[in-house]
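Step one of this worksheet: look at the structure below.
This one's a predicted model, so the numbers in the text were calculated from it and none came from an experiment. Lettering of chains follows the sequences in order, A, B, ..., and the numbering in each one begins at 1.
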Amino acid sequence: MPSLAARKKQTAAESSASRPALLLDWYDRHRRRLPWRAAAGERADPYRVWLSEIMLQQTGVKTVGPYFEKFLARWPDVGALGRASQDDVLRMWAGLGYYSRARNLHACAVAVLRDHGGVFPGSEEGLRQLPGIGPYTARAIAAIAFDIQTMPVDGNIERVVSRLYAVEEPLPQAKPRIQELAATLLGASRAGDSAQALMDLGSSICTPKKPACALCPLNEDCAARLRGDQESFPRKAPKKSGTLRRGAAFIVTRGDELLVRTRAEKGLLGGMTEVPGSDWLAGQDDKAALKQAPELKGITRWHRKVGVVTHVFTHFPLELVIYTADVAARTRPPAGMRWVPVATLADEALPNVMRKAIAHGLD
DNA sequence: GACGCGTGGCC
DNA sequence: TGGCCAAGCGT
């Protein structure tokens, strides 16, 4: 076999015929070791691949790591996860965001247990039918865990491919075209490694800002690099930011207990624990928000904490005013609410915005 | 196809 | 520091 340098030179001269081989060579030398990845040459466990792919949706590798380990230790296989309660899964997921993923994760495990005898379907089409598994994740599991010749396309691969071919069409319209181009980077085998090679390349070399093109195995015939405007790809339609919303959160203590409730099953922060609060509306003032305070015996006046809690969701920024009150022992909670010891708050399915509100209120 | 859906890290 | 970005899915 000719040396790597010789093969690379030869490839540049012969156009892109052996890009898949260059990519796999690079991957064999530089692949990242991640908790859900099998050793070189080994087939990955579908459960681990699935669990990691769901957690990694719109979420960084570093953030996912500890959650993946926690889940694996508590639920070592899909059967164990399918027999757990949704509430336990939500509690374990708390802090990771996009909570519909956790609900679908549990629903998926239940479905695999009930409809597939506890074994993941081994085809892209079969996987695609399961809750929480969309076109990307179905392809990723099929390629990585089942060695099926298919190319998943995530944000990293969109960036790499759009630069390689200088795709002028903006996202998301360009998705079908990019999917076609990405599939040409599949070799005759090792589909999962080809996909993971492109993802590693996208996260470590072909980064959004200041890509390290000198280190890229595909730099010789990258169309965007030849033009010198790599960072301008992928083209994207400009996106609009949301309007500021305001609301109030009520921190009610009864000794060392805190008043909480569970949010509606669907929608924003669905199924998660929260402290009682007002609606979150654009242009709402403090007085209007205070009118939505929970009614409890013995509260003569609310204490308004100095300052506000701010939080930025994907589609809108939020400002919460914090009101506090302390009530007598044995005060009944309003309908739909409950008291929980402050000491056990860590075990609740509390999204970060609520942790911030509580921290501010108890401060 | 557009929108709703968290959070943390980056410069 | 505020906008951008990260292994998308469901509706």
Protein-nucleotide distance ([X], atom [atom1]; [N], atom [atom2]), rounded to Å:
X         : N       : atom1 : atom2 : answer
Met199(A) : dA6(C)  : CE    : C1'   : 13 Å
Met272(A) : dG4(B)  : CE    : P     : 21 Å
Leu90(A)  : dC5(B)  : CG    : P     : 16 Å
Trp93(A)  : dG6(B)  : CH2   : P     : 12 Å
Asp200(A) : dA6(C)  : CG    : P     : 15 Å
Lys236(A) : dG1(B)  : NZ    : P     : 17 Å
Arg101(A) : dG10(C) : CZ    : C1'   : 14 Å
Asn104(A) : dG4(B)  : CG    : C1'   : 14 Å

Q) Touch check for Arg159(A), heavy atoms < 4.0 angstrom, all strands: base, sugar-phosphate only, or nothing? A) sugar-phosphate
Q. Restricting to pairs with a member in residues 323-363 of chain A, which pass ring-ring contact (aromatic ring centres under 6.0 Å, His included), not counting sequence neighbours?
A.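 Output for this query lists Phe250(A)-Tyr323(A).
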Taking side chain to side chain donor-acceptor pair (under 3.5 Å) as the cut-off, I'd like each qualifying pair that reaches into [range], sequence neighbours left out, listed once.
range                       : answer
residues 116-135 of chain A : Glu124(A)-Thr150(A)
residues 251-262 of chain A : Thr253(A)-Asp326(A), Arg254(A)-Glu257(A), Arg261(A)-Glu274(A), Thr262(A)-Arg338(A)
residues 184-194 of chain A : Asp28(A)-Arg190(A), Tyr165(A)-Thr184(A), Arg190(A)-Asp193(A)

Q: Can you see which heavy atom on Cys216(A) is nearest to which on Ile205(A), and at what distance?
A: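 Shortest heavy-atom separation between Cys216(A) and Ile205(A) comes out as CB-CG2, 3.8 Å.
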Taking [X] first and then [Y], would you say they form a salt bridge - that is, a charged N and a carboxylate O separated by under 4.0 Å?
X         : Y         : result
Glu53(A)  : Arg37(A)  : no
Asp229(A) : Arg227(A) : yes
Lys175(A) : Glu158(A) : yes

Q) Are Arg235(A) and Ser232(A) linked by a side-chain donor-acceptor pair shorter than 3.5 Å? A)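 The answer is yes; a qualifying pair exists.
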Q. How far does the P atom of dT1(C) sit from the matching atom of dG6(B), given to the nearest Å?
A.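 So the two P atoms sit 26 Å from each other.
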**Q.** Inter-nucleotide P distance (dC4(C), dC3(B)), Å rounded
**A.** 16 Å
Q: Only counting residues at least two apart or in another chain, list the ones meeting salt bridge (Lys or Arg N to Asp or Glu O under 4.0 Å) with Arg74(A).
A: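 Testing Arg74(A) for salt bridge (Lys or Arg N to Asp or Glu O under 4.0 Å), a comparison that skips the adjacent residues, returns Asp88(A).
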Q) Can you tell if the side chain of Tyr98(A) reaches within under 4.5 Å of the side chain of Gln58(A), non-hydrogen atoms only? A)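 Tyr98(A) reaches Gln58(A) side chain to side chain.
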Q: Please work out which residues in residues 174-193 of chain A have a non-hydrogen atom less than 4.0 Å from an atom of DNA chain B and list them by number.
A: none
Q: Starting from the 5' end of DNA chain B, give me the residue, Pro172(A) or Gly267(A), whose nearest nucleotide shows up first.
A: Pro172(A)
Q) By a strict heavy-atom criterion of less than 4.0 Å, which residues belonging to residues 134-155 of chain A are in contact with DNA chain C? A) Gly134(A), Pro135(A), Tyr136(A), Thr137(A), Asp154(A), Gly155(A)
Q. Going by number, which of residues 45-57 of chain A have a non-hydrogen atom under 4.0 Å from DNA chain C?
A.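 Hits under 4.0 Å, by residue number: Glu53(A), Leu56(A), Gln57(A).
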Polar-atom pairs under 3.5 Å, protein N or O versus N or O of nucleotides 7-11 of chain B: list them with distances, or write none.
residue, atom, partner, partner atom, Å
dT7(B), OP1, Tyr99(A), OH, 2.8
dT7(B), OP1, Asn352(A), N, 2.6
dT7(B), OP2, His311(A), NE2, 3.0
dT7(B), O3', Asn352(A), ND2, 2.6
dG8(B), OP1, Asn352(A), ND2, 2.2
dG8(B), OP2, Asn352(A), ND2, 2.7

Q.
List the residues meeting side chain to side chain contact (heavy atoms under 4.5 Å, CB included) with Ser204(A), not counting sequence neighbours, and say none if there are none.
A.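 Side chain to side chain contact (heavy atoms under 4.5 Å, CB included) check on Ser204(A) returns Trp26(A).
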Going by atom type alone, with no hydrogens or angles, which donor-acceptor pairs under 3.5 Å involve a side-chain atom of residues 290-297 of chain A and a protein atom two or more places apart or on another chain?
residue, atom, partner, partner atom, Å
Gln292(A), OE1, Asp279(A), N, 3.0
Gln292(A), NE2, Gln284(A), OE1, 3.4

Which side-chain N or O atoms in residues 39-51 of chain A pair as donor and acceptor under 3.5 Å with protein atoms at least two apart or in another chain?
residue, atom, partner, partner atom, Å
Asp45(A), OD1, Tyr47(A), N, 3.1
Tyr47(A), OH, Trp75(A), O, 2.6

